[in-house]
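Before any comments, here is the structure.
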Number of protein chains: 2
Amino acid sequence: MANFYSEEPKHLLAVDCVIFGFDREQLKLLLVKRVRPPEKDQWSLMGDFLQDNENLEFAAQRILTKWTGLEHVFLEQFHNFSDINRDPGERVLSVAFYALIKIEDSDKELTKRYGAEWIDIDKIPKLIFDHAQMVEMALEIIKHKSRFEPLGFELLPEKFTIPQLQKLYEAIFQQKLDSANFRKKILSMKVLKKLNEKEKGVSKRGAFYFQFDQGKYKKLHESGLLFEI
Amino acid sequence: MANFYSEEPKHLLAVDCVIFGFDREQLKLLLVKRVRPPEKDQWSLMGDFLQDNENLEFAAQRILTKWTGLEHVFLEQFHNFSDINRDPGERVLSVAFYALIKIEDSDKELTKRYGAEWIDIDKIPKLIFDHAQMVEMALEIIKHKSRFEPLGFELLPEKFTIPQLQKLYEAIFQQKLDSANFRKKILSMKVLKKLNEKEKGVSKRGAFYFQFDQGKYKKLHESGLLFEI
DNA sequence: CCAAAAGTGTTGACCGTACACCCATGA
DNA sequence: TCATGGGTGTACGGTCAACACTTTTGG
């Protein structure tokens, strides 16, 4: 490749991931203690530098796989953090991604080996650099987005009950929902497939399992109607 | 500053701006013919390389000021384009911004001198690299955002009439709106201040001018209610 | 006085919210 | 049989889309 722009400055570019999970009660973040200076041993998001042979999405996926073992994860860039002194080491720009994963699918061995931990969203410790700001912004975004897009299902197992789904949305929105109305709303969109199987052990009666049906969602979406909680 | 990350690769980073305007009838984009190879003389968005002494927002503002003379413009980063071969010259990542400006406030001399042109959104020519994709994504975003955030006012003069505002939203959403209901909706949010002055020359009766009231909007927002068209 | 655009009023359908109530089952 | 959470039914109030209607004014 020719050098068309040899006079222009080059920059270090990091990719940082805000990794969300849900454990049936609480939203959680996967965090890790930083292994290199500056700010070694402080809590941090998962990140790495962008390499020459990959685009940003690839780098983010690479990071996710490294820490969780998962390969096809919901992942979306949401903001660049570019303040000149954001990293006390050198000037580094960071492209922040958020990821939504099913905790139980992740490789717990791997997570543990690297010293990563799932931490309740309301118990986040002090984070390095501007990572707290990244978390805050990511939270704000999934709060808004999940009202109109079926993001939530990325955080639940394949099979889930309506009460489980409700708990998830209550955790995301930070508010209680009326269970009768929640059920009607979600079922009225016809994007769930009811299974002939009940959850055991949680309640006496047991709740039916459902699955999110991508095909039905596409139909809804194309018909111009809104998914909306 | 120490060299903490000397082993990591560095990258060229461009900032490209999708600049929207509205001329009372149609959404428009400010486009320019590229002045350097590769793809010299082809239509392009406004862009430049990020410098060492500025963050991304500063760079975007610098670009906007260069082409329009405007200094405090609504500007928001929305996506990074990072495919390895997106620029046939060298590997360059691009951070895309969209800007909403009041055409009549812009410096037409400056715009003309640099050979930039306002072009109807439905008559966009072939653009260099992945710029068409940037435009498409920016359009999609303002379409969604302007339903719930008062973005539209950035594209109108300080004083505007309800029918003008309606025309703007019709251009953004690409659909006709019922004028009686539109009026009721926008007035019910109480974010507009009515002026004691009528528009002349457009209709016989003349429509009252209004102003967007930032303070009232903040109140609405803080009270938890939605701005929604 | 007519045409045209600004602006108001009315209606019926629909939808969200609140809440009462029934159901299934383990202990 | 009772407590518990799952699940259904209903009724009221507000909101929205559609459209008829009134107002203002230049030609």
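Everything numeric in this text was worked out from a predicted model, so none of it was measured. Residue numbers start from 1 in every chain, and the chains themselves are labelled A, B, ... in the order their sequence lines are given, proteins ahead of strands.
Taking the six-membered ring for Trp and thresholds of 30 and 60 degrees, B/Phe148 and A/Phe148 have nearly parallel ring planes, at less than 30 degrees apart. Ring geometry, A/Phe227 versus A/Tyr217: the interplanar angle exceeds 60°, so the pair is classed perpendicular (tilted spans 30 to 60°).
As rounded to whole Å, 16 Å separates atom C1' of D/dG6 from atom CZ of A/Phe160. Protein atom CD1 of A/Ile186 is 14 Å distant from nucleotide atom P of D/dG7, rounded to whole Å. When rounded to the nearest whole Å, the span between CD of A/Glu228 and C1' of D/dC16 equals 14 Å. If you take CZ of B/Phe182 and P of D/dC16, they are 14 Å apart, rounded to a whole angstrom. Atom CD in B/Glu170 sits about 13 Å away from atom P in C/dA5, given to the nearest Å. Taking atom CD of residue A/Glu199 and atom P of nucleotide D/dG6, one finds them 8 Å apart after rounding to whole Å. Rounded to an integer number of Å, the gap from B/Ile229 CD1 to D/dT15 P is 16 Å. Distance B/Leu177 CG to D/dA18 P: 11 Å, rounded to the nearest Å.
For B/Ala180 and A/Thr161, each mapped to the nucleotide of DNA chain D holding its nearest heavy atom, the one lying further toward the 5' end belongs to A/Thr161. Nearest-nucleotide positions on DNA chain D for A/Lys184 and A/Phe208 put A/Phe208 closer to the 5' end.
Closest contact between the side chain of B/Asn181 and the listed nucleotides D/dA18, C/dT8, D/dG6 involves D/dA18. Distances were taken from every side-chain heavy atom of B/Ala207 (C-beta onward) to each of D/dG9, C/dG7, D/dC19; the shortest belongs to C/dG7.
Looking at heavy-atom distances under 4.0 Å, B/Lys185 makes contact with sugar-phosphate atoms alone, never a base.
Exactly one residue among A/Gln166, A/Gln174, A/Lys167 makes a side-chain hydrogen bond (donor to acceptor under 3.5 Å, both in side chains) with A/Glu170. That residue is A/Gln166.
For D/dG6, its base never sits under 3.5 Å from the side chain of A/Lys198 at any donor and acceptor pair. A donor and an acceptor atom sit less than 3.5 Å apart, one in the side chain of B/Arg205 and one in the base of C/dA6. In terms of polar N and O atoms assigned as donor or acceptor, the side chain of A/Lys204 never comes within less than 3.5 Å of the base of D/dT1 in a complementary pairing.
Here the closest heavy-atom approach between residue A/Asp178 and residue A/Asn181 is recorded as OD1-N, 2.9 Å.
Using a cutoff of 4.0 Å between basic side-chain nitrogens and carboxylate oxygens, A/Arg24 and A/Glu199 are scored as salt-bridged.
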